[in-house]
Amino acid sequence: MSKDPYEPRRGLSERVTVAGSELVDYVKQLVAEGNVRRLIIRKPGGATLLEIPLTAGVAVGGALTLLAPIIAALGAMAALIAKFEIDIQRSDEQTEDKNDPNVLP
């Protein structure tokens with residue numbers, strides 16, 4: 001069974017509350033994990049401040065270099081706001097492949 005490239009991808013989502021002083025380090029850690037597709041940074045009330053789409057498969061060093069202006073903006077926002085909520089959307093392609101009997105290890 002082949003996957004349709006135009007079919008929307010399913011993924012895992014979670015929401016985390018982070019202190020302003022930890023925001024930049026936490027985002028860098030998420031980028032380094034490599035399975036994060038999108039980050040949405042919100043105020044505690046739910047208002048969206050920043051959406052960061054991430055491309056799967058980009059090398060960590062390259063991703064951090066491309067995200068340098070965004071990380072600088074995150075640092076400036078972290079100085080002004082005490083807490084943030086981060087919506088993390090992860091790809092679950094690895095999980096789907098493990099459960100698919102047609103995919104060889």
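All residue numbers in this chain count up from 1 along the given sequence.
Within the model, atoms OG of Ser13 and CZ of Arg37 stand 7.5 Å from one another, a figure rounded to the nearest 0.5 Å. The CD1 atom of Ile52 sits 12.0 Å away from the CD atom of Gln89 when rounded to the nearest 0.5 Å. In this structure, Leu74 CG and Leu23 CG are separated by 5.0 Å, a value rounded to the nearest 0.5 Å.
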- [ ] Could you check Tyr26 against Val31 for side chain to side chain contact (heavy atoms under 4.5 Å, CB included), going step by step and ending with a plain yes or no?
- [x] CA-CA 9 Å; Tyr26 191 73; Val31 171; over 6 Å; no
Open item on the list: Run Arg90 and Ile88 through side chain to side chain contact (heavy atoms under 4.5 Å, CB included) and show every step you take.
Closed with: CA-CA 6 Å; Arg90 300 177 188 272; Ile88 305 164; 3.9 Å; yes
Task: Criterion side chain to side chain contact (heavy atoms under 4.5 Å, CB included) on Val18 and Val27, from CA distance to verdict - done: CA-CA 10 Å; Val18 178; Val27 169; over 6 Å; no
- [ ] Go through the steps for Ile81 and Leu49 under the test side chain to side chain contact (heavy atoms under 4.5 Å, CB included), then give the verdict.
- [x] CA-CA 11 Å; Ile81 301 174; Leu49 294 172; 3.9 Å; yes
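Of all heavy-atom pairs between Thr48 and Arg42, the closest is OG1-NH1, 2.9 Å. Contact detail for Val36 and Leu30: the closest heavy-atom pair is CG2-O, 3.5 Å. For the pair Gly20 and Ala78, the tightest heavy-atom approach, listed with the atom from each and the gap, is O-CB, 2.9 Å.
With hydrophobic clusters built from ILVMFWY side chains whose heavy atoms lie under 4.5 angstrom apart, Phe84 does not share a cluster with Ile40.
Remark: Lys43 does not engage Glu85 in a salt bridge, criterion side-chain N to carboxylate O under 4.0 Å.
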